[in-house]
**Student:** 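The structure under discussion is supplied below as structure tokens; questions concerning it will follow.
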There are 2 protein chains.
Amino acid sequence: MRDVARLAGVSPGTVSNALNHPEKVSPATRERILSAISELGFVPNDAARQLRRGTNASIGMIVLDIANPFFTAVAHGVEQRLAEVGRPLVLANSGQNHEREVAYLDLFAEQRLSGVLVTPAGQVLDRLRRLRDRGTAIVVVDRKTGAREFSSVSVDDSLGGRLATQHLLEIGRRRIAFIGGPEDLSQIEHRLGAARTAVEEHGSGEIVHLDVPTLDVEAGRTGARELLDLPAARRPDAIFAANDLIALGVLQTLTLRGVRVPDDIALVGYDDIDFAAAAAIPLTSVRQPAVAMGEAATTRLLDVIADPAGSQVEHIVLEPELVVRRSTVA
Amino acid sequence: MRDVARLAGVSPGTVSNALNHPEKVSPATRERILSAISELGFVPNDAARQLRRGTNASIGMIVLDIANPFFTAVAHGVEQRLAEVGRPLVLANSGQNHEREVAYLDLFAEQRLSGVLVTPAGQVLDRLRRLRDRGTAIVVVDRKTGAREFSSVSVDDSLGGRLATQHLLEIGRRRIAFIGGPEDLSQIEHRLGAARTAVEEHGSGEIVHLDVPTLDVEAGRTGARELLDLPAARRPDAIFAANDLIALGVLQTLTLRGVRVPDDIALVGYDDIDFAAAAAIPLTSVRQPAVAMGEAATTRLLDVIADPAGSQVEHIVLEPELVVRRSTVA
DNA sequence: GCTCGGTCTTAAATCGTTTCAATATGAGCG
DNA sequence: CGCTCATATTGAAACGATTTAAGACCGAGC
């Protein structure tokens, strides 16, 4: 910057003003400075700026699994909203790994980010508190876990579970299998709980829970195999998968075994990722407004940043929506 | 840090040494300093450290489309390799948008990142040069576009195109349709070119190119519809899709129209994303070693960072591999 | 001709670390 | 006991921007 100042024949302070407070500098001087900058290829040093200003404009985001289209959709919403206000996004992937999550949170703390969006994988309340106490705004995404003290944005899992189940009952299915787990995951708990309630309210029908350890395609395959091996009388006529990855695995196994979807077994997924609509037999799915969730979380975060003291904790709950496709009605 | 020094009864310089050069500090002092740090909850300010050190340990990565599983797989490889050396990754998504790509490159320049991995979306050679001249290492991923002067890692598209085509010919198919575009994309050009060569070499058979503007699921749907509307005599008995997203769209349309895969039409995709193996009829696909590509690019980048002058430009070309599944052989 | 008010510009202090030359400490040795 | 040498610690100077109070300049008004 000193070089720029020298070339333009002004002091470093004026160069800074030209860049950050253009109204304080006469147009002629400003012009001279700008051309000196481009001539020298000067690029301001962000570290120095941050050090002096005391804040970092960037926003950090820690997602659970970057390979899951649901999370990339959320990230997309975040990115979009941030682009509007010109703040950069630093995206990090914890991969459900607590250690990596902690490492990233520590990194963000050192970087003095102005805000962090996080879907916690492990026990990180203390670290989040410390971050917050040091002036970083926090919003929890897609979780409400114990974090009553932080604003959050999530989707109503009970409603989602109910919508899917009522739909299956309405199209005449009575033996519903729910594939997903583990049950201590709040999402699973709520979706399955609401499904059970819906069956009870309906009066007829039954629901069985097929517990699987993970929420991926392979879990869907093994789950489906297990169901197909049941004696015909106990075989379900509908499957409610805890997410679309599982549903895709189920669909694959059913197809390979020659079971007709939806004729023999109807199938409902959850999330409505792009690949649900792209499946050979397009999946009926409970759509989570992922992009909207990212946007809402970002808006909330920006509010907290703007007024850390004034803004109080807020839990935004978005509504899912059932998207009916060929996997339940031909 | 001053507070920590005061509490531990030492000077700030010693606190810094305790953190960065532990061997220079006596164990007793170090112990005292560490406990002072945790008592005060001190977190070093990254901006100040960077300013003084003059470098930023972080690595930046700009991907073309974060919603495409292929790129998240590459990012995964990068992340994994970086975790080994303890460097953080800053992930950015250009979304094929030149302006956003430029904005991120400028941001990375201001941040003085030590290295950047980029899959260029637009014309950014000049900016990459400027970055490099300012001391940031650059490696181009999945492209070789005009960037002879930067190290790159890519996959042999000609080989991929040949493998897919030879396979289709070997299983007796003769009328092959290639769906993908635009042809001025080097990837498309090479895959299609090699497919044509393979057909020629084989002596019998023909290949037609169905140009589509994008490389997504919808392109596959419309492409397939177009082919199915052809008079029976001109209908292909095999489809080679430029990527798996297109192949999934094709598979969906074929399934809905009652065309049997592979009996009536065999289908080959490209990339071998996770969803290819997860399709109702598992897709035969040309596997791009995405994770390996991320790892190789990172290793190369770290080498350039370690020795910017000594290391010369290197173009690493990985080999794709044909993964045969049910969409071509029952 | 002098003062006043406003606009531009400058110089110096500052942000929180790291680094390095200089100093303090202490052990070992003749 | 004095000297040397190695080790541990200190203090001050950077790093490169932003900010703020002070100063320079200029035309206007009396």
Side-chain angles (χ1 to χ4, degrees), chain A residues 1-38 40-58 88 106-114 131 134-136, chain B residues 1-37 40-58 88 106-114 134-136:
Chain A
M1 206 164 101
R2 225 189 307 265
D3 298 340
V4 172
R6 198 174 309 134
L7 181 59
V10 298
S11 78
T14 305
V15 176
S16 170
N17 277 335
L19 289 168
N20 303 297
H21 308 281
E23 77 286 357
K24 290 187 163 183
V25 172
S26 72
T29 316
R30 192 171 130 76
E31 200 50 53
R32 218 156 8 104
I33 291 174
L34 290 183
S35 71
I37 286 178
S38 72
L40 295 177
F42 164 75
V43 177
N45 182 320
D46 195 45
R49 163 181 294 155
Q50 263 178 56
L51 176 58
R52 178 61 235 228
R53 287 221 183 126
T55 75
N56 185 334
S58 294
D106 287 350
L107 177 69
F108 289 172
E110 294 194 356
Q111 295 185 156
R112 308 285 195 269
L113 296 189
S114 35
L131 251 183
R134 298 193 62 87
T136 295
Chain B
M1 206 164 99
R2 226 189 305 266
D3 298 340
V4 172
R6 197 174 308 136
L7 181 58
V10 297
S11 79
T14 305
V15 175
S16 170
N17 278 336
L19 260 47
N20 303 299
H21 308 282
E23 78 286 356
K24 290 189 163 183
V25 172
S26 74
T29 318
R30 191 171 131 76
E31 201 50 52
R32 220 159 3 107
I33 291 174
L34 290 183
S35 70
I37 285 178
L40 295 178
F42 164 75
V43 176
N45 182 320
D46 195 45
R49 163 179 295 157
Q50 263 177 56
L51 175 58
R52 178 62 236 227
R53 288 218 182 129
T55 77
N56 185 335
S58 294
D106 287 350
L107 177 69
F108 289 172
E110 294 195 356
Q111 294 184 158
R112 306 286 193 269
L113 296 189
S114 36
R134 300 193 62 88
T136 296

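Note that the coordinates shown come from a computational prediction; the quantities given were computed from them, not determined experimentally. In what follows, chains are A, B, ... by sequence order, proteins preceding strands, each numbered from 1.
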**Student:** Considering the terminal five base pairs at each end of the helix from dG1(C)-dC30(D) to dG30(C)-dC1(D), what angle separates the two local helix axes, rounded to 10°?
**Tutor:** 60°
**Student:** CZ/R112(A) to CZ/R134(A) distance, rounded to the nearest 0.5 angstrom?
**Tutor:** 4.5 Å
**Student:** Checking contacts here: which listed nucleotide (dA11(C), dT18(C), dT18(D)) is nearest the side-chain heavy atoms of N20(B)?
**Tutor:** dT18(C)
**Student:** Respond yes when some side-chain nitrogen or oxygen of H21(A) is under 4.0 Å from OP1 or OP2 of dT18(D), and no when none is.
**Tutor:** no
**Student:** Want to settle it: does G13(B) or A48(B) sit nearer the 5' end of DNA chain C, counting the closest nucleotide to each?
**Tutor:** A48(B)
**Student:** OP1 or OP2 of dT18(D) versus the side-chain N and O atoms of R49(A): is any pair under 4.0 Å?
**Tutor:** yes
**Student:** Please answer whether the main-chain N or O of A8(B) pairs with a side-chain N or O of R32(B) as donor and acceptor at a distance below 3.5 Å.
**Tutor:** yes
**Student:** Tell me if the side-chain of R52(B) makes a donor-acceptor pair with the base of dT18(C), cut-off 3.5 Å, by modelled atom types.
**Tutor:** yes
**Student:** Given atom NZ of K24(B) and atom P of dA21(C), what is their separation to the nearest angstrom?
**Tutor:** 10 Å
**Student:** Which nucleotide sits closest to the side chain of R53(B): dT9(C), dT19(D), dT19(C)?
**Tutor:** dT19(C)
**Student:** Using only side-chain N and O atoms of T29(B), determine if any of them is under 4.0 Å from OP1 or OP2 of dA8(D).
**Tutor:** no
**Student:** Compare the minimum distances between each of dT18(C), dG11(D), dG16(C) and the side chain of S11(B), then state the nucleotide with the smallest one.
**Tutor:** dG11(D)
**Student:** The side chain of L51(B) is closest to which nucleotide in this list: dT18(C), dG16(C), dA17(D)?
**Tutor:** dG16(C)
**Student:** Taking the side chain as everything from C-beta on, heavy atoms only, tell me whether P44(A) gets closer than 4.5 Å to M1(A).
**Tutor:** no
